[in-house]
Amino acid sequence: GDSVTQMEGPVTLSEEAFLTINCTYTATGYPSLFWYVQYPGEGLQLLLKATKADDKGSNKGFEATYRKETTSFHLEKGSVQVSDSAVYFCALSEEGFQKLVFGTGTRLLVSP
Amino acid sequence: DAGVTQSPTHLIKTRGQQVTLRCSPKSGHDTVSWYQQALGQGPQFIFQYYEEEERQRGNFPDRFSGHQFPNYSSELNVNALLLGDSALYLCASSSMIVSNQPQHFGDGTRLSIL
């Protein structure tokens with residue numbers, strides 16, 4: 001079945017450092033890919049998405065490119081802030097935007 | 001424009017009891033999905049409702065059941081609660097008609113089983 005694998009955390013960075021969180025996926029078809037963010041005590045917020053190969057999703061300084069050849073969707077940000085501290089989930093959906101399959105999440109901790 | 005709302009926020013039950021969680025979808029959405037998020041894990045898909053019918057189901061036992069009402073709101077019922085049912089239960093809504101729109105999540109219900 002479909003699956004998503006994320007790098008284990010926590011990822012600990014200083015403010016203004018470069019961020020990469022790796023995500024790879026296994027799917028039978030051509031899924032849509034997502035990054036969601038979860039702040040403490042809250043639900044999931046969509047951060048960015050990409051629906052086909054070579055698409056780049058971007059939002060709030062975060063970017064991720066849909067790489068079909070490496071089945072990857074790595075999350076990057078050039079300069080992190082303390083307010084970016086949260087848990088980040090990579091996810092896919094085979095059938096448009098319906099059932100989501102999530103990775104286990106990566107906790108990001110940014111210190112001043 | 002209200003987003004996805006869930007109630008209650010927190011709930012404490014004992015083993016063997018039954019629980020009902022509630023969800024109101026974002027305005028304009030007609031599809032509701034439920035997810036279980038155990039501590040330190042990613043959300044796991046339980047099932048999805050559209051037009052008052054269960055359309056998809058994940059790998060969860062029959063103790064987990066649901067309902068969707070004509071106003072698109074939904075309930076998740078869990079019978080014979082086990083300690084392992086302790087988790088954050090997330091509701092997500094979307095539109096079946098409008099394609100390429102992502103799911104919107106509520107803040108969840110934290111269920112603790114004693």
Side-chain angles (χ1 to χ4, degrees), chain A residues 1-10 21 23-27 30-52 55 57-59 64 66 73 75 86-108, chain B residues 2-7 9-10 21 23-26 28-51 53-60 66 87-110:
Chain A
D2 298 344
S3 66
V4 175
T5 302
Q6 289 181 238
M7 62 188 290
E8 289 198 17
I21 300 179
C23 171
T24 57
Y25 67 89
T26 301
Y30 301 96
S32 296
L33 302 174
F34 308 84
W35 278 100
Y36 280 85
V37 59
Q38 187 174 38
Y39 298 100
E42 297 184 11
L44 301 175
Q45 298 178 24
L46 178 67
L47 184 59
L48 53 83
K49 68 182 190 293
T51 58
K52 61 183 186 297
D55 268 2
S58 60
N59 185 28
Y66 189 142
F73 192 56
L75 182 68
V87 180
Y88 292 80
F89 291 94
C90 185
L92 67 81
S93 175
E94 279 274 27
E95 300 171 21
F97 289 75
Q98 301 305 327
K99 172 188 171 184
L100 288 164
V101 176
F102 287 90
T104 55
T106 302
R107 181 175 298 277
L108 171 65
Chain B
V4 179
T5 58
Q6 293 186 242
S7 64
T9 306
H10 295 88
L21 311 181
C23 172
S24 292
K26 179 180 168 65
H29 286 180
D30 55 14
T31 303
V32 173
S33 301
W34 287 92
Y35 294 82
Q36 180 194 66
Q37 185 180 15
L39 196 62
Q41 299 297 315
Q44 299 290 317
F45 176 77
I46 302 175
F47 43 52
Q48 181 184 87
Y49 277 85
Y50 172 64
E51 291 187 327
E53 291 187 3
E54 184 182 291
R55 296 289 174 159
Q56 295 186 71
R57 189 178 182 92
N59 188 26
F60 279 80
L88 179 68
Y89 288 84
L90 295 166
C91 171
S93 72
S94 56
S95 171
M96 189 67 75
I97 298 174
V98 179
S99 62
N100 292 337
Q101 293 298 312
Q103 295 185 30
H104 292 250
F105 283 80
D107 286 341
T109 295
R110 174 73 62 187

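From a predicted model like this one, the values you see are computed outputs, not experimental measurements. Quick note on labels: first sequence line is chain A, next is B, and so on, each numbered from 1.
Heavy atoms closer than 4.5 Å to chain B are found in the side chain of A:Leu46, but not in its backbone. For B:Ser33, no part lies near chain A; criterion is any non-hydrogen pair under 4.5 Å. Using a 4.5 Å cut-off between heavy atoms, A:Gln38 contacts chain B through its side chain alone, with no backbone atom that close.
In this structure, the separation between CG on B:Leu90 and CD on A:Glu42 is 12.0 Å, given to the nearest 0.5 Å. To the nearest 0.5 Å, atom CG of residue A:Leu44 and atom OH of residue B:Tyr35 are 9.5 Å apart. With rounding to the nearest 0.5 angstrom, the CD atom of B:Gln103 is 8.0 Å from the CZ atom of A:Phe34.
Shown here are the side-chain contact (heavy atoms from CB on, under 4.5 Å) partners of B:Glu51, two or more places apart in sequence or in another chain: B:Arg55. Evaluation of the side-chain contact (heavy atoms from CB on, under 4.5 Å) rule for A:Arg107 yields A:Pro10, A:Val87, A:Leu109 as partners, not counting sequence neighbours.
Residues A:Phe89 and B:Gly42 come closest through the heavy atom pair CE2-CA, 3.4 Å. Of all heavy-atom pairs between B:Gln48 and A:Lys99, the closest is NE2-N, 4.1 Å.
In terms of non-hydrogen atom pairs under 4.5 Å with chain A, the most contact-rich of B:Arg110, B:Gln44, B:Gln41, B:Gln6 is B:Gln41.
Put simply, the side chain of A:Tyr36 does not reach to within 4.5 Å of the side chain of B:Pro43, judged on heavy atoms.
In A:Glu8, the CD atom is not crowded: 12 or fewer heavy atoms of neighbouring residues, nucleotides or ligands sit closer than 6.0 Å. More than 12 heavy atoms of other residues, nucleotides or ligands sit less than 6.0 Å from atom OH of A:Tyr39.
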